[in-house]
There are 2 protein chains.
Amino acid sequence: MNAMSPGPVTLQDVANEAGVSLATASRAFNGSTRKVRQDLKERVLLAAAKLNYAANGPAQAMARGRTNVVGLIVHDISDPYFAAIAAGVMRAAEDQHLLVTLGSTMRRPERELDYVQVLRGQRSRAVILAGSRVDDPELLSRLREECAAFERAGGRVVVISQQKLPLDTVVVENRSGARALAQRLASLGYQRFAILGGPTRLLTARDRVQGIRDGLAAAGLPAPVVLEGAFTRDGGHDAMRELLTSREGLDCVVAVNDVMAVGAMAACRDAGLHLPEDLALAGFDDIATLRDVHPKLTTVRLPLERMGETALELVTTGTEGEPHRTRRIRGEVLIRESTPLRPTR
Amino acid sequence: MNAMSPGPVTLQDVANEAGVSLATASRAFNGSTRKVRQDLKERVLLAAAKLNYAANGPAQAMARGRTNVVGLIVHDISDPYFAAIAAGVMRAAEDQHLLVTLGSTMRRPERELDYVQVLRGQRSRAVILAGSRVDDPELLSRLREECAAFERAGGRVVVISQQKLPLDTVVVENRSGARALAQRLASLGYQRFAILGGPTRLLTARDRVQGIRDGLAAAGLPAPVVLEGAFTRDGGHDAMRELLTSREGLDCVVAVNDVMAVGAMAACRDAGLHLPEDLALAGFDDIATLRDVHPKLTTVRLPLERMGETALELVTTGTEGEPHRTRRIRGEVLIRESTPLRPTR
DNA sequence: AGCATCTGGGAAGGCGCTTCCCGTGGGGTC
DNA sequence: GACCCCACGGGAAGCGCCTTCCCAGATGCT
């Protein structure tokens with residue numbers, strides 16, 4: 001293609017090819033303050049295409065002092081909750097010509113700190129922390145400091161979950177959603193509830209448990225049994241199995257997310273229970289790939305992709321020095337087959 | 001923290017703080033060829049920690065001529081198939097202190113080209129192309145050229161799917177897996193098959209369809225009906241609905257992936273069919289979150305996370321100039337409830 | 001004709017880091 | 001004790017690009 005220079009094509013090569021100066025070639029691409037005559041610009045672009053020029057990202061980053069990369073930190077990318085958020089972030093990022101670097105903490109929240117630091121070093125334009133905050137003041141405080149350092153370095157930080165840090169936040173209204181779900185279930189006639197809760201240190205799990213409690217209390221129902229399990233399919237499965245061996249007379253089990261609910265569903269089947277006749281079951285999130293389980297799962301729909309898009313929108317629209325903004329995301333209760341109207345006794 | 005310099009902390013700041021030269025500070029971190037006296041090294045590391053120093057990634061990339069970023073390009077990150085591969089890549093990348101930049105083509109294969117080019121500009125150390133190749137010679141040829149450019153620039157390219165390019169490849173043995181599945185199903189007594197195929201231009205879909213055909217033919221069974229649908233839940237759903245309105249006397253339907261199979265399952269239920277009594281159904285992939293659907297789905301297990309890990313291993317272990325390597329991934333047929341032994345008539 | 005305005009080009013500076021090269025000091029060898 | 005070598009610290013070049021300064025030429029306006 002170009003036999004002259006050895007390594008990758010540089011802007012100088014493009015300028016030579018087009019017969020213009022380096023400065024003009026640069027202006028042809030980024031033309032901000034100065035204008036470049038149309039025909040010259042075309043020549044440059046043509047030369048670039050001919051040489052298959054791709055601007056050196058690190059060099060640009062260095063000269064400009066910032067990149068067009070945003071970091072997305074999730075707990076576990078193979079969890080469909082985060083995969084859906086990631087899809088939303090990706091879609092919005094593409095429109096803005098931003099690249100997304102993915103970090104996965106493998107469900108170890110302390111790893112968020114490392115990622116934020118690494119991304120600061122990378123001069124990422126922003127970091128999106130997707131996923132529940134954790135009840136750990138020490139960790140929270142260190143994270144606050146790390147995020148502050150990130151912002152001092154000129155980046156933005158957006159959180160998707162709880163508003164626990166002085167940052168732009170997409171707040172997921174887990175508690176009110178869970179409360180609404182519980183009230184709807186109560187209105188369907190269910191009375192004796194159990195909750196399959198996630199790890200209590202995860203605020204998302206905790207908020208949902210509390211919301212359900214709120215809703216049941218508001219409906220005048222007794223406090224539910226709460227079991228703690230991992231925030232995964234196996235967590236739901238194991239918690240449900242324990243529940244089935246020890247508890248009797250339950251109406252309705254609410255898992256704090258769909259993945260756990262599906263695990264619980266499997267545990268019920270293993271135990272020979274017939275759903276929903278023998279027991280009603282509900283989840284949370286409305287994970288797309290789980291919408292076809294049978295019986296169809298009552299849940300609270302969260303617009304996961306839109307949450308990702310919203311986070312990226314906060315990244316791109318912020319103005320310097322502005323106080324941190326909040327976007328509230330409400331869940332929508334979806335009553336489906338797994339919680340039919342309960343025949344009155 | 002340090003009131004002197006305005007912007008982010010630089011290596012010079014650390015060197016000053018530690019009372020050593022810039023060169024020494026740099027060597028304290030990377031000290032490969034050259035050694036630094038132990039006490040000086042500790043002083044530098046201490047100073048770095050004190051100042052909360054994070055090395056400037058772009059600057060390092062520029063000086064070294066390469067980054068520690070690998071790009072992962074998938075068709076759709078919200079598809080659990082790709083999410084699982086991504087999880088494997090992430091895990092392996094973490095061990096190697098590599099960062100992963102995610103590209104999602106939104107199922108438009110031609111966008112792979114753009115991503116490869118962008119990642120070349122970013123001086124990514126490698127690109128992993130996860131996802132089916134496409135039957136489009138023109139596109140394939142352009143992709144070959146773009147990948148060659150990437151490798152000329154010093155990066156590596158690894159493909160997960162079919163061996164269609166002269167690159168390191170994690171070959172998924174879709175055809176033999178599908179063939180084995182079909183033969184097992186035949187041995188269970190099924191005779192009249194239909195296939196819910198994906199888009200024919202996707203080689204993964206095509207290979208699986210062909211494998212099933214092979215297996216049925218080997219078992220002496222008549223050629224199956226094949227319907228084409230999108231490679232998604234809705235694709236499976238719609239294809240199954242069409243199948244149910246037009247075809248009679250089917251034994252067993254095989255969808256070319258689990259997501260489609262679950263969509264098909266829903267369509268069957270909508271039509272009042274009872275699975276597996278009225279119809280057997282099988283999928284492909286063994287997607288983790290879909291293992292609990294009822295009836296449990298017969299499928300071909302693919303070690304998705306391990307495929308991601310293997311791809312990253314190819315990225316890190318390659319030696320210059322070596323001919324491209326191949327890692328074959330075999331599927332494992334899992335017969336489950338959705339295809340019970342068929343009572344002989 | 002005189003002046004303001006626009007645009008291209010050359011050149012220099014700087015981003016933060018790695019690494020080559022030089023110089024010095026200490027230890028070993030005969 | 002002279003010599004050599006090695007180890008290691010420090011100075012400085014250079015990675016590719018963007019930006020800016022300044023000058024030259026062209027154009028348009030009064």
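Treat the numbers as computed from the prediction; the structure is a model and nothing was measured. Below, chain A is the first sequence line, B the second, and so on; all start at residue 1.
Of the N and O atoms on the side chains of Thr101(B) and Gln122(B), not one donor lies less than 3.5 Å from an acceptor on the other residue. Side-chain contact annotation: Arg66(B) with Ser124(B), donor-acceptor N/O pair under 3.5 Å absent.
Between the axis at the start and the axis at the end of the helix from dA1(C)-dT30(D) to dC30(C)-dG1(D) there is an angle of 30°, using five pairs per end and rounding to 10 degrees.
Map Gln12(A) and Gln38(B) each onto its nearest nucleotide of DNA chain D; the residue landing nearer the 5' end is Gln38(B). Between Pro58(B) and Ala23(B), it is Pro58(B) whose nearest contact on DNA chain C lies nearer the 5' terminus. Residue whose closest nucleotide on DNA chain D sits further toward the 5' end, between Arg37(B) and Arg123(B): Arg37(B).
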Between protein and nucleic acid, restricted to nucleotides 21-23 of chain C and to nitrogen or oxygen atoms under 3.5 Å apart, what atom pairs and distances do you find?
unit_1	atom_1	unit_2	atom_2	d
dC21(C)	N4	Arg34(B)	NH1	3.0

Check the interface with nucleotides 13-15 of chain D: list each N/O to N/O pair with the protein under 3.5 Å, or write none.
none

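Note on Glu145(B) versus Arg152(B): salt bridge recorded, some NZ/NE/NH1/NH2 to OD/OE distance being below 4.0 Å. The pair Glu146(A)-Arg120(A) meets the salt-bridge criterion, since a charged nitrogen lies less than 4.0 angstrom from a carboxylate oxygen. Between Arg325(B) and Glu313(B), none of the side-chain N atoms (NZ, or NE/NH1/NH2) sits under 4.0 Å from a carboxylate O, so this pair counts as no salt bridge. Taking the charged nitrogens against the carboxylate oxygens, Arg156(A) and Glu151(A) have no contact shorter than 4.0 Å, which rules out a salt bridge.
In this structure, the CD atom of Gln60(A) is 17 Å from the C1' atom of dG16(C), given to the nearest Å. Atom NZ in Lys35(B) sits roughly 20 Å away from atom P in dG26(C) (whole-Å rounding). The interatomic distance linking Asn16(A) (CG) with dC17(D) (P) rounds to 12 Å, in whole Å. Atom CG of Leu40(A) and atom C1' of dC6(C) are 14 Å apart (whole Å). As a whole-Å value, the separation of Arg66(A) CZ from dT19(D) C1' is 15 Å.
Looking only at side-chain heavy atoms (C-beta outward), Val74(A) and Ile77(A) come within less than 4.5 Å of each other.
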Can you give the donor-acceptor pairs under 3.5 Å from side chains of residues 81-97 of chain B to other protein atoms, not counting sequence neighbours?
unit_1	atom_1	unit_2	atom_2	d
Arg91(B)	NE	Glu309(B)	OE2	2.9
Arg91(B)	NH2	Glu305(B)	OE1	2.5
Arg91(B)	NH2	Glu309(B)	OE2	3.1
Glu94(B)	OE1	Arg111(A)	NH1	3.1
Glu94(B)	OE2	Arg111(A)	NH1	2.5

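Considering only side-chain atoms of Thr24(A), the nucleotide from dG9(D), dG9(C), dG16(C) that sits closest is dG9(C). Here the nucleotide nearest the side chain of Asn56(A), chosen from dC17(C), dG11(D), dC17(D), is dC17(D). For Ser26(A), taking side-chain heavy atoms from C-beta onward, the closest of the listed nucleotides dT18(C), dT19(D), dG9(C) is dT19(D).
Applying the side-chain hydrogen bond (donor to acceptor under 3.5 Å, both in side chains) test to Asp79(A) and every residue at least two apart in sequence or in another chain returns Arg107(A). Residues meeting the side-chain hydrogen bond (donor to acceptor under 3.5 Å, both in side chains) test with Asp135(A), sequence neighbours left out: Arg206(A).
Using a 4.0 Å heavy-atom cutoff across all strands shown, Ala61(A) reaches no nucleic acid atom at all.
A ring-centre distance under 6.0 Å is found for Tyr53(A) and Phe29(A).
What you find for Arg133(A) and Val159(A) is that their closest heavy atoms are NE-CG1, 3.8 Å.
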